[in-house]
Structures are given as structure tokens and as C-alpha cells.
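This is a predicted model, so every value here is computed, not measured. Start at 1 and go down the list; that is how both ligands and their atoms are numbered.
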Amino acid sequence: MNDLTNARFCEYTELISRKLSEINEMLHSAGGEGIVSERCADAVWWSLSSGGKRIRPILAMEFCRVCGGLPENAVDAAAAVEMIHTYSLIHDDLPCMDDDDYRRGRLSCHKKFGEAFGLLAGDTLLTHAFGAAANSRCLSDGQKAEIISKLAEYAGIGGMIGGQVLDLSFENGGCDSVSSLLKMYSKKTGAMLKCACEVGCISANADKEKRSAACEYAENLGIAFQITDDILDVTQTTEALGKPAGSDEKQHKTTFVSLNGLDDARAAAAEYTEKALKALEAFDDNDFLVDLTRHLLNRKN
Ligand code: GRG
């Protein structure tokens, strides 16, 4: 990353960290005095405060900026997207899903707090994501309604959940074509990235052309991002990833790498990244997004 990108990245990370801390305080007080609700809020914070890359909230704030808005105006919507993303990671790690012990460099939520609290922490994040968007002080009622609708659409059965369902149906060799795999990637991983970009656009009242370019960008970024994830799973250590390396093979998952091999996977990730970069040409002052997109292709976790 160049210096300018790095500075803006830090600025956005700071903005989202502050917002998530406020949400943490609210969750601790909203549950009342009870020890049980304290434990649930602690479980939420365990996952939310760990070392996630914050790519989705950063995209939301930056798309707001490149569409002419103040990045701060998108911070509530950005926090909502990060909360839904974090809930999906907590539930994805549960024994009934991937059964992973580590996430974001520490014990997964259910390993630290027990399975029931892992489930409830995810539920809390999902529920309060809608609250964060609905209670935003920087957005109009119309913007809030549209953002809430997008969160439901992209997190739901036509989006991320639908992708997870497809992923489960592909276990033990159930997926034999790249096109089916990419359809699943577009939902499981792409949907919440698209959601992030779109809520950023909505926060700036962006026009139809800008919104459609943002969706085209996110569609391609989502696929590049998930193929890169497949590559990292077989090339990086558990320490570097902050979650178990080699878990795709262990769980007999079909991935781009298992279907077509590492070289093809690298070429495909680069190809989808180029398509994403092309979509960014619709935006003036797109240097940060261009640099971030290239950085995501070369990331190590
Ligand atoms: C309802 C029981 C139940 C489970 C739902 C929704 C769901 C399970 C799973 C969602 C699918 C999922 C986890 C997709 C993974 C997408 C992905 C590549 C995540 C990693 O994103 P990063 O690298 O993670 O941005 P950080 O930790 O940096 O935020």
C-alpha cells in the first residue's frame, strides 16, 4: 500500500473502531445488570474486537466518499455490515458448520464462551446490525430504509445464507464445475462485499450509474477475494492466517484450487481483480480503491 492509502486505511479503521466500541458499550448496558447478558455482550466483543481486516466497513466509507459524501456519514451502515460479517464468522466456526477452533488470531467465539453463547453472540450481532442502521443520526429516513432493506437482501437466503447453503450442498464432491462454484462464491462471499459498497453509495445518495459500477466492482472483487482465500488456505500457515490453515482439504471442500489447481487459481484471482479495477474507472479520485483492490489480491491473510 502507498502512504496515502495507508493513511486513509488507518483513518477508516479508527472511525469504525470507535463506532464498534460505542456499540459494545450499548450492548453491555442494554442487557441490564444480569451476569448472563454480560457474558453474551462479552462474547460479541471477543469476536468484534479481534483482528479482522475491516475490509467491508472500509469499502462502505470509501464508496460514500467517492460518490461525493462524507465517509463518516456511512459509518453506521459500515458498522452494520461488519456486525453481520462477524456474526457469519462466529456461526461458520460452530461445530454444526466448519467446527473451527481459531478465528482472527484467537480462540473462536464458541471455544471461548461455549456453543450456546457462540450462537447467541451471532444472533445478537445480526439483530443489532439492523438497529445500528435504523438508529443512525447521519442518514435520512429514506436512506435508512433502503440500507436496512439491502442488509436483509444481501445477508439473507438470496445472498450470504444462500451461498452457505450451496456450500453445504457441495460437501464431499458435490460440486463439479467452476461455474457452480463461482455462483456459490458470489453469494457466500460476494454478497456482503456488494452490500458494503452499495450501502456506501446509498449513504452518499449516489446515482444509478455509480451504484451499478459499485455492484460490478463488488461482484468481481467477491470472486477474486474468495479464490484468494482458497489459495491462502493451502499456501499460508495457521499463524499467518489467524485461523486453521488447510481446513478446506480437511473438510473435503471443493474450492477453486481443488478443482483447477494453484496456478489456474492465481490466474483467475488476477483476472477477476482486473475486472474489478475496470469497474472503478466510473469513479474519479479512485486511487485508494485501486490500491486497496490490488493489495487484497496480494494479501497474506
Ligand atoms: C446460521 C448456523 C448459521 C450459520 C451461518 C452465514 C454463515 C453461516 C456463513 C457465511 C459464510 C462465510 C463465513 C463466508 C466467508 C466469507 C469470507 C471470505 C470470510 C473472511 O473474510 P475476511 O478475510 O475476514 O474479510 P476478516 O476476519 O478479516 O474480517
Are any of the N/O atoms on [X], whether in the backbone or the side chain, positioned under 3.5 angstrom from an N/O atom of ligand 1?
X      : value
Gln226 : no
Asp229 : no
Arg56  : yes
Lys53  : yes

Would you mind finding which of Gln164, His85, Met97 brings a heavy atom closest to atom 9 (C) of ligand 1?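 The residue whose heavy atom sits nearest atom 9 (C) of ligand 1 is Gln164.
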
Is there a salt bridge (Lys or Arg N to Asp or Glu O under 4.0 Å) between Glu14 and Arg18 once you walk through the steps? CA-CA 6 Å; Glu14 178 60 31; Arg18 246 185 285 143; 3.5 Å; yes

Of all the non-hydrogen atoms in the protein, which one sits nearest to [atom], and at what distance?
atom                    : answer
atom 5 (C) of ligand 1  : His91 CB, 3.9 Å
atom 14 (C) of ligand 1 : Lys188 CG, 3.5 Å
atom 27 (O) of ligand 1 : Arg104 NE, 2.8 Å

For the backbone of Ala282 and the side chain of Asn286, can you confirm whether one donor and one acceptor N or O come within less than 3.5 Å of each other?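 No, the answer is negative, given that no donor and acceptor are paired below the 3.5 Å cut-off.
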
Determine the sole option in Asp229, Asp248, Asp92, Asp98 for which the salt bridge (charged side-chain N to carboxylate O under 4.0 Å, His left out) test with Lys243 is passed.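 Among the candidates, only Asp229 passes.
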
Are the side chains of Leu232 and Arg299 in contact, using a 4.5 Å heavy-atom criterion?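 Arg299 vs Leu232: side chains touch.
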
Which atom of Leu221 lies closest to which atom of Leu296, heavy atoms considered: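 Heavy-atom minimum between the residues: CD1-CD1, 4.0 Å.
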
Please work out whether the ring planes of Phe63 and Tyr217 are parallel, tilted or perpendicular, with thresholds of 30° and 60°.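 Rings of Phe63 and Tyr217: tilted, 30 to 60°.
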
Which word best sums up how the rings of Phe9 and Phe288 line up, parallel for under 30°, tilted for 30 to 60°, or perpendicular for over 60°?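 Rings of Phe9 and Phe288: tilted, 30 to 60°.
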
Could you tell me, atom by atom, which parts of ligand 1 come under 4.0 Å of a heavy atom of Met160?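 Within the 4.0 Å cut-off of Met160, ligand 1 contributes 6 (C), 10 (C).
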
If you measure from each heavy atom of Thr189 to ligand 1, is any distance below 4.0 Å?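 Within the 4.0 Å threshold, so yes.
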
